[in-house]
Amino acid sequence: MMHVPFLDLGAQYRSIHEELAPALQSVLESTAFAGGPFVAAFEKEYAAFCGCEQAIGVSSGTSALWLALVGLGVGPGDEVITTPNTFIATAEAISFCGATPVFVDVDPVTYTMDPDLLESAITSQTKAIIPVHLYGQPADMDPILAVAKQHGLLVIEDACQAHGSEYKGRKAGSLGDAGCFSFYPGKNLGAYGEAGAVITNNAELAQKIRMLRDHGQSEKYKHAYIGWNDRMDGLQGAVLSVKLRYLDQWNNARRERADFYDELLEDLPQIVLPREAAYAQHIYHIYAVRVPNRDALLAALNNQGIGCGIHYPVPIHLQKAYECLGYARGSFPVAEESAREVLSLPMYPELTIEQLEKVADALAALLRKRDFAAASAVRAS
Ligand SMILES: Cc1ncc(COP(=O)(O)O)c(C=O)c1O
């Protein structure tokens with residue numbers, strides 16, 4: 001039986017191992033393990049890639065979000081608006097700087113922040129907005145930036161799933177006050193361990209974040225801020241520099257595979273396919289469809305050796321950890337409905353045509369079977 005894993009990091013490693021080995025060797029020989037020249041080189045390259053003046057390499061995407069918030073002065077008593085259908089790190093970063101997450105629902109087509117709902121969530125406490133570029137597609141940034149400007153709010157982009165994706169020709173992460181990236185291994189640009197980055201055109205903010213990630217110091221043992229240890233590893237900097245050279249190629253390969261899924265699945269009436277917004281260049285970190293009976297379908301696909309995921313099964317406002325915010329079920333109907341129906345299909349640049357066809361055929365067969373079962377049940381009643 002042909003197995004189709006959800007992700008295949010090994011295939012990517014094998015395609016670049018000849019370049020990775022000497023890059024890692026250089027770090028080992030120079031012993032520049034924590035921060036240092038390999039991180040600095042990657043920062044320059046990533047800033048240029050994003051069309052931004054500054055990139056600061058940090059220890060994870062979660063840290064990137066936290067550092068951006070703290071660097072911009074968000075703290076206790078402040079509210080930060082984001083969406084509930086994101087990875088919990090977006091909300092955690094807000095909580096861990098002492099502020100309160102406030103949610104708004106998402107657009108039913110892109111699953112990103114619905115700009116029309118923003119105004120109603122703004123209070124005198126609101127300090128910032130964090131749109132999440134979910135699955136690799138940017139949120140609709142122009143209306144979000146317009147509302148932010150009108151109310152004097154900061155905008156921090158959670159671009160943790162959107163390396164190289166574009167909004168009206170500009171790179172995700174480069175549009176607000178700061179953009180935050182995760183280089184968790186499975187991301188489109190993934191490290192071989194934990195890593196992240198903040199990008200910004202604000203030199204003062206960049207300098208502050210450089211200090212905050214290193215215990216608030218700019219000089220050894222002179223601490224101007226109460227910071228934290230959020231430095232990026234030298235080994236990760238070296239890996240990311242090698243992989244960055246391939247990012248456009250890999251993103252294009254994902255886009256081609258998304259087009260192929262679209263073609264193979266478009267005739268199935270039971271399925272809702274992902275759609276690229278007119279303003280966007282989607283980089284398909286995740287190819288998420290919506291299906292009826294999602295959990296049964298997921299189990300059946302897994303049984304056939306097809307690895308699928310759910311991003312995300314429980315929206316943040318319904319997580320036990322965030323009961324304290326007091327949101328009831330039904331508060332964000334679009335996010336809640338998508339949490340019940342979304343199914344992430346295998347997606348990575350090395351997927352073969354045969355693998356894509358296997359996924360699509362299996363999905364189609366299962367959906368047809370279910371329809372047939374439902375039709376017989378109606379006839380029998
Ligand atoms: C939308 C989003 N925000 C934040 C994060 C946190 O990144 P990390 O896992 O690198 O801390 C992730 C990654 O998992 C993410 O997908």
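Every number for a ligand or one of its atoms is a count from 1 in the order of the listing.
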Hey, does Gly61 come in under 3.5 Å of ligand 1, counting only N/O atoms on both sides?
-> yes
N/O to N/O below 3.5 Å, does that happen between Ser63 and ligand 1?
-> no
Do the side chains of [X] and [Y] get close enough for a salt bridge, i.e. N-O under 4.0 angstrom?
X	Y	result
Arg290	Glu337	yes
Arg170	Glu157	no
Glu350	Arg14	no

Who's closest to [atom] heavy-atom-wise, of [options]?
atom	options	value
atom 12 (C) of ligand 1	Trp66, Phe87, Tyr184, Phe183	Phe87
atom 15 (C) of ligand 1	Ser59, Cys180, Cys160	Cys160
atom 13 (C) of ligand 1	Lys187, Gln161, His285	Lys187

Under a 4.0 angstrom heavy-atom cut-off, which atoms of ligand 1 come close to [X]?
X	value
Thr86	1 (C)
Ala89	4 (C), 5 (C), 6 (C)
Ser60	10 (O), 11 (O)
Ser182	7 (O), 8 (P), 9 (O), 10 (O), 13 (C)
Thr90	3 (N)
Thr62	6 (C), 7 (O), 8 (P), 11 (O)

With no hydrogens and no angle check, just 3.5 Å: does a side-chain donor-acceptor pair link [X] and [Y]?
X	Y	value
Lys358	Gln304	no
Ser331	His317	no
Asn202	Asp177	no
Ser241	Glu45	yes

Shortest protein contact, atom 3 (N) of ligand 1 (heavy atom only) | Asp158 OD2, 2.8 Å
Do Ile310 and Tyr261 belong together in a cluster built from hydrophobic side chains that touch within less than 4.5 Å?
-> yes
